[in-house]
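Worksheet for the structure shown next.
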Amino acid sequence: MKPANLLFIISDQHQGAAMGCAGHPLVQTPNLDRLAAGGTRFSKAYTNCAICVPARASLATGQYVHKIGNWDNGFPYDGSTPSWGHQLKDKGIRVDSIGKLHFRSADDDNGFSEEIEPLHVVEGIGDPASGIRDGSIRRDWRPGIEEAGPADSTYQQYDGRNRDNAIRWLRARANDEQPWALFLSFVTPHPPWFSPAETYALYPHDKISMPPQWQAEDWPRHPAYDYMRRFFSSEQPSPEATIRRLIAVYYGICTFLDQQIGQVLAALDDLNLRDSTRVIYTSDHGEHIGARGIFGKFTMYEEASNIPFIMSGPDVPAGKTVDTPISLIDCYPTILEAVGCEPPEDGLERPGTSLWDLAAAPDQDRTVFAEYHAIGSRNAYYMLRDRRYKYIYHVDAPAQLFDLLADPDELQDLALAPDAQTSQLLAEYESQLRGIMDPEAVDRRAKADQAARIESLGGREAVIARGVFTNSPAPGETPRFRRFVKAGD
C-alpha cells in the first residue's frame, strides 16, 4: 500500500446502527452515507470497552484494557504505554489531534505533535468513584433524561470549533509533501441530551420505532443489568413519551454530527486532498437510548458495543460492506500502514490486524474481544463476538449467548435453556476466553487497582465527597459536580 495522508475521525457514543448507510430507516446521515458509498463499511465493528477512557486508551495503544490497566474513567491514558501516535512522531510524521482525547493531560506526551483544544479528564483525575462497585452508592441519571429536548449545548459549540479547527488545519497542510495524520475527535452525540432544534424537528415522535426490550416486562432479568439499573436509578421504567423524545434528541445529535463531518469532508475536496487522503470514521462506543431499560453505554449488547466503522480513499474498495468482525484494537496497525510506518519492534503484544487488506478480502470468520470493569458494574464481564454468535461471560453471574444471525435484536439468550449444542458452544467459548486471559484474576486485579487509586486520592469518603459529574466539561467549561445518592435512598 502506498503511503498517503490519514484523516481519522472519531465521535463519542454513536450507535453503529444509527446511520442511513447501516440501514436505519429514519436517521439522516447523508455525509457518512456518501463516505460509505465511496468506500468500505464494516458492519460488525466493536469497541473493546463500552466506556470512554478505556476504549480510547485501547485504541491508542493497540492493547486490551486488561493489559494496560486503564480500567475505568478514573484511569486515564498518560502516554506511558506507547501509542500509534508515538510511533508516527518518532518516524518524523506529522500527527496532530483536534478535539476530545479524554487522556490525563495535555502536559503528558500522548503521541501527538500538537493537541488542538483537547478535552481531557477533569482535573487530570477523571471519575475515580467509578471504582466503588459495591452497590453502596448510586447515581441518578433521570434528570438528564427527563430534560432532553431541542436546545444548544456546550458540546455542540465545542464540535463547531472542532470542525473549524480541522478545516483550518487541512488548509495549512494542503501542500505538504510528506503524508500526515490528523486525529479529529468530535464529542457528540454523547449527552447532554440536547439537539439543535432544526435536526430534532427531523424526527417526529410518532415515526420513531421503540428500542428492543424497552418495556419493563421485557427487560432481561440478569444480575448484571438489574444492578446497573439500580445504580443509575432506572429501576422504574421511563414513560414511552420520554423515551421517544430522548431518541429524537439522539437522532438529532447524530444528524448534527454528520453535518460537522460533512463540512470537513467538503474542505478535503475543495483542497484537492481526497485522492491523497484516506479517511476513517468510527466511534468509541454506542448508546442504549432505553433499550433493555438502560440509558448510556456500559454493556455488550449491540446498542452499546457495536460502532460505526467506515474507510475511504486510495486503495479502498468503493461501495462495499464487510461482515468480518473487527474492533478498535485493529486501528493501531491500520493507522501505521496508512501512512507507511512499520510496526514497532518493542516486544509488546498487539493483537490487532490492519484493516486495509480485510477491506479488500472476502468476508471471513474472526473473533473480537471486549471487556468491562467500570461504572455501573459489580463484577467484570467479557465478550467474544464472531460472525454468528455473541458470548458474554459474567464473573459470578450466568453467561449469555446470542445467535445474531437468527436473533439480531438479542431477544433470546440461548444460555437460559441450553440444549446439548448450546452447552457445547458455551464450553468452547469459555475455553477460548480463558485462552486470552483469566476472567476472575483480571476482575480481582481491576478491583485491587481501583481500591488503590481511591486510597491514593484520600480514600473512599474523600472521593465520594468530591462528587460526580454527568459528562466531562468542554474546554473552558467548569465541571458541575453533584452529590452521590446512597443505596436505599
Side-chain angles (χ1 to χ4, degrees), residues 1-10 35 38-40 42 45 56-63 77 79 81-99 101 103 109-116 118 162 165-185 261 264-265 267-269 271-282 309-318 326-346 348 350-361:
M1 172 179 281
K2 182 179 179 181
N5 303 321
L6 177 66
L7 173 58
F8 191 108
I9 305 174
I10 185 170
L35 187 68
T40 295
F42 286 83
R56 290 166 179 267
S58 190
L59 187 160
T61 61
Q63 298 188 65
Y77 176 69
T81 302
S83 70
W84 52 261
H86 289 107
Q87 180 71 4
L88 267 57
K89 194 169 65 166
D90 289 348
K91 298 296 183 181
I93 297 170
R94 182 82 190 189
V95 50
D96 290 352
S97 77
I98 295 172
L101 289 172
F103 297 164
D109 178 6
N110 296 314
F112 295 104
S113 311
E114 182 180 7
E115 296 178 11
I116 300 171
N162 290 330
N165 284 332
I167 292 171
R168 281 192 290 269
W169 193 95
L170 291 171
R171 287 172 180 161
R173 307 252 74 86
N175 297 316
D176 283 10
E177 294 183 1
Q178 184 183 24
W180 45 255
L182 175 62
F183 187 78
L184 171 58
S185 183
I261 293 172
V264 174
L265 296 179
L268 203 67
D269 290 330
L271 295 166
N272 296 316
L273 288 171
R274 183 70 74 138
D275 291 340
S276 59
T277 304
R278 298 186 179 101
V279 179
I280 292 175
Y281 172 70
T282 190
F309 205 100
I310 301 169
M311 300 177 15
S312 181
D315 306 312
V316 180
I326 66 167
S327 75
L328 289 176
I329 215 85
D330 296 313
C331 291
Y332 191 108
T334 302
I335 292 169
L336 295 189
E337 185 175 0
V339 294
C341 192
E342 292 294 322
E345 297 181 1
D346 54 11
L348 295 177
R350 297 184 181 90
T353 298
S354 178
L355 299 176
W356 306 110
D357 287 341
L358 284 183

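Taking every heavy atom of both residues into account, I329 and P333 meet most closely at O-CD, 3.9 Å. The two residues V339 and A4 make their nearest non-hydrogen contact at CG1-O, 3.4 Å. Of all non-hydrogen atoms in K91 and Q178, the two that sit nearest each other are O-NE2, 4.4 Å. Residues A359 and P317 come closest through the heavy atom pair O-CG, 3.6 Å. The shortest heavy-atom contact between G85 and V95 is O-CG1, 3.8 Å. Smallest separation of non-hydrogen atoms from R56 and S185: NH1-OG, 3.1 Å.
For the side chain to side chain donor-acceptor pair (under 3.5 Å) with R278, the lone residue among N5, D315, T334 that qualifies is D315. None of L265, I10, I261, L184 except one satisfies the side chain to side chain contact (heavy atoms under 4.5 Å, CB included) rule with Y281; the exception is I261.
Atom CE of M1 is separated from atom CG of D357 by 7.0 Å, given to the nearest 0.5 angstrom. To the nearest 0.5 Å, atoms CG (L182) and CD1 (I98) are separated by 4.5 Å. Separating the CH2 atom in W180 from the CH2 atom in W169 is a distance of 5.0 Å, to the nearest 0.5 Å. Taking CG of L355 as the reference point, atom SG of C331 lies at 6.5 Å (rounded to 0.5 Å). Separation of atoms OG (S354) and CD (E337) is listed at 3.5 Å; rounding is to 0.5 Å. A distance of 9.0 Å separates CZ in F112 from NE2 in H86, rounded to the nearest 0.5 Å.
Ring geometry for F309 against F42 counts as perpendicular: the plane angle is over 60°, on a 0 to 90° scale with 30° as the lower cut. Using cut-offs of 30° and 60° on the angle between ring planes, the pair F103 and Y77 is perpendicular.
By the neighbour-count criterion of 12 heavy atoms within 6.0 Å, atom CG of N175 is sparsely surrounded, having that number or fewer from other residues, nucleotides or ligands.
At distances below 3.5 Å, not a single donor-acceptor pair connects side-chain atoms of D90 with backbone N or O atoms of Q87.
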Stepwise side chain to side chain contact (heavy atoms under 4.5 Å, CB included) check, D346 with R350: CA-CA 10 Å; D346 54 11; R350 297 184 181 90; 2.8 Å; yes
Checking side chain to side chain contact (heavy atoms under 4.5 Å, CB included) for the pair L170/V264: CA distance, chi angles, key distance, verdict? CA-CA 9 Å; L170 291 171; V264 174; 4.0 Å; yes
Can L268 and V279 be said to form a side chain to side chain contact (heavy atoms under 4.5 Å, CB included), step by step? CA-CA 10 Å; L268 203 67; V279 179; 3.8 Å; yes
Let me see the working for Y332 and T61 under side chain to side chain contact (heavy atoms under 4.5 Å, CB included), right down to the final yes or no. CA-CA 7 Å; Y332 191 108; T61 61; 5.6 Å; no
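Within the 4.5 Å cutoff, side-chain heavy atoms of F183 are placed close to those of W84.
One finds no salt bridge joining R173 and D96 here, because no Lys/Arg side-chain nitrogen approaches an Asp/Glu carboxylate oxygen to under 4.0 Å.
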